[in-house]
Amino acid sequence: MIQSPHLRPVTALRPLTTAHLAQTMTLLEMNAAELDQKIEADLASNPALEIKDTRCCPQCRRPSLESGLCPRCNASHNLSKDEPIIFVSPRQDFYRPGVPIQEDLPEDNLPQITEDLPTYVLRQIAPELPPNDRRLAAYILSNLDEDGLLEVPLVEVSRFHHVPLSRVEAVLGLIQRADPVGVGSPSPQEAMLAQLEVLAETQPVPPLAEQAIRVGLDLLSRHQYVELGRLIGAPSRQVEQLAHFISDNLNPFPGRAYWGDIRQGKGVSPPVYTFPDVVITPLTESLEPILVVEVVSPYAGMLRINPLFRQALNQAPSDRADQWRSDLEQAELLVKCLQQRTHTFVRLITRIAILQREYILHGDEYLQPLTRACLADELHLHESTISRAVASKTVQLLNGHIVPLAKFFDRSLNVRTALKQIIAQETNPLSDSQIVGLLKCLGYSVARRTVAKYRAMEGILPSHFRQNHQMHENS
DNA sequence: CTATGGCACGGATT
DNA sequence: AATCCGTGCCATAG
């Protein structure tokens with residue numbers, strides 16, 4: 001149900017209300033990229049629609065206001081910092097933050113396709129892959145579990161595709177060396193071995209590491225150094241260093257904690273999402289900047305009913321009249337629904353920008369736990385409307401990271417980052433219940449059990465598998 | 001006895 | 001109506 005008291009006379013539509021509602025819902029669910037496609041399709045098939053010329057802002061090429069400048073360049077600098085500047089911008093490719101505006105964007109600068117883990121990996125290895133092995137690779141990658149490990153036995157893959165096992169292994173070898181190193185391995189053990197191998201190419205690794213992982217991974221994870229030392233023939237002191245090295249550098253679950261956090265890491269962070277639906281930038285560089293929130297909505301303000309078409313309707317050939325009339329109605333409906341969609345979305349994002357200002361400026365730790373229901377109540381919308389509006393949309397933050405809009409509704413992110421900080425700073429491993437105490441001091445009240453779950457989510461090992469962070473570096 | 005993981009329940013989310 | 005998430009209770013390992 002759309003019910004919005006502040007809404008313009010959109011309510012005074014037509015007897016089309018059911019169709020209107022239905023389409024608004026559908027549109028609301030789409031993100032910018034999908035909407036773009038949809039509108040392009042409509043433009044192509046419906047002669048009643050046309051694109052109206054718009055003037056561009058001379059400074060940034062966004063469509064301009066009456067004054068000639070766009071809302072951003074036109075904004076005065078002495079507004080209240082609590083009031084974000086919000087405006088709607090029609091096309092993603094008019095403007096790319098951080099990238100100087102160019103007349104022609106080079107080919108490889110165009111929007112990336114939305115990538116999930118399998119696609120991301122596939123793109124990396126495709127060049128090295130013989131064409132007939134591509135399907136094989138794609139098949140393997142589509143059978144990864146959420147940890148980035150292969151769920152299906154290799155033999156089965158080979159049988160399914162009627163190729164020798166050796167070929168499957170060769171392809172898998174390539175996959176394992178692609179970016180989340182170790183991805184696609186059949187077991188944590190193999191993942192770690194692959195990582196070790198890659199690591200060895202750039203830096204020295206302890207000679208016994210490989211053996212330790214091969215024969216004693218379970219001992220390693222249980223901290224049973226003496227036992228392990230006996231097994232691989234090394235003093236327990238050396239084994240301890242070994243364990244330290246392993247837990248610092250290797251990750252048994254290559255796919256985990258990979259999508260969430262895009263840190264400086266080693267390489268460049270992979271672009272995971274397409275163009276964002278919202279771009280947030282500071283108006284000026286300062287500690288307490290005014291936020292500029294740009295809502296990307298394809299063709300916003302550029303779409304209208306072709307006036308010529310409307311005129312021509314009267315003189316329509318009788319056999320075509322019905323068709324034309326329905327085209328016109330559809331076009332009108334689309335335009336109204338789009339207005340409705342942007343309006344709802346703008347109200348939503350405005351509220352979010354105000355409520356989550358601290359988060360936008362200062363990062364994960366300051367994210368307010370916010371529920372859709374609560375926002376729905378404030379905006380007098382139905383919660384399902386919020387859900388639809390939030391679904392599958394992304395926001396680009398000040399630091400250039402693109403995150404799903406749903407992240408603004410994450411109930412536990414702030415606690416999880418606090419937890420990560422605690423663990424990063426700990427000198428010796430803290431137990432979960434000790435962490436509960438520390439979190440409580442910070443004002444986060446969570447159950448002991450929950451801390452364990454958060455750890456798992458972040459890919460942090462249990463305390464007895466973690467190492468003292470004070471001593472460091474082997475020779 | 002302490003630290004964790006597993007299972008299941010209730011409320012929130014979609 | 002189906003699913004996800006935080007939590008409590010219990011079993012297990014050290």
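Naming: A, B, ... by sequence-line order, numbering from 1 per chain.
- For Y359(A), the ring pair (Phe, Tyr, Trp, His ring centres under 6.0 Å) partners are F408(A), not counting sequence neighbours.
- Atom CZ in F465(A) sits roughly 19 Å away from atom P in dA13(C) (whole-Å rounding).
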Would you please test E29(A) and R341(A) for salt bridge (Lys or Arg N to Asp or Glu O under 4.0 Å) and show each step? CA-CA 9 Å; E29(A) 273 178 347; R341(A) 181 194 116 106; over 6 Å; no

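- If you check the side chains of D410(A) and S412(A), you find a donor sitting under 3.5 Å from an acceptor.
- Nucleotide dG8(C) holds its C1' atom 15 Å from the CG atom of D432(A), rounded to whole Å.
- To the nearest angstrom, P of dT13(B) lies 17 Å from CZ of R388(A).
- Of the charged side-chain nitrogens involved, at least one lies within less than 4.0 Å of a carboxylate oxygen, so that R214(A) and E210(A) count as a salt-bridged pair.
- Considering only side-chain N and O atoms, T450(A) lies under 4.0 angstrom from the phosphate OP1 or OP2 of dT7(C).
- S412(A) has a side-chain polar atom (N or O) that falls below the 4.0 Å cut-off from OP1 or OP2 of dG6(C).
- Within the 4.0 Å cut-off from OP1 or OP2 of dC5(C), not a single side-chain nitrogen or oxygen of Y454(A) is found.
- In this structure, R72(A) does not pair ionically with E294(A), as no charged nitrogen and carboxylate oxygen lie closer than 4.0 Å.
- Separating the OH atom of Y444(A) from the P atom of dT7(C) is a distance of 14 Å, rounded to the nearest angstrom.
- Between the CD atom of Q434(A) and the P atom of dT2(B) there is a distance of 12 Å, given to the nearest Å.
- Using modelled atom types, one finds no donor on one side chain facing an acceptor on the other under 3.5 Å when comparing Y366(A) with Q356(A).
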Sequence-aligned protein contact record of nucleotides 6-12 of chain B, with B where the base is within under 4.0 Å of a protein heavy atom and S where only the sugar-phosphate is: BBB----

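- Between the C1' atom of dG5(B) and the CG atom of L461(A) lies a distance of 14 Å, rounded to the nearest Å.
- Pairs of residues two or more places apart, or lying in two chains, that qualify as side-chain hydrogen bond (donor to acceptor under 3.5 Å, both in side chains) and include a residue from residues 181-195 of chain A are Q176(A)-S185(A).
- Considering only side-chain N and O atoms, S431(A) lies under 4.0 angstrom from the phosphate OP1 or OP2 of dA3(B).
- The distance from atom CG of N414(A) to atom C1' of dC5(C) is 15 Å, rounded to the nearest whole Å.
- At whole-Å resolution of the value, CE in M457(A) and P in dG5(B) are 13 Å apart.
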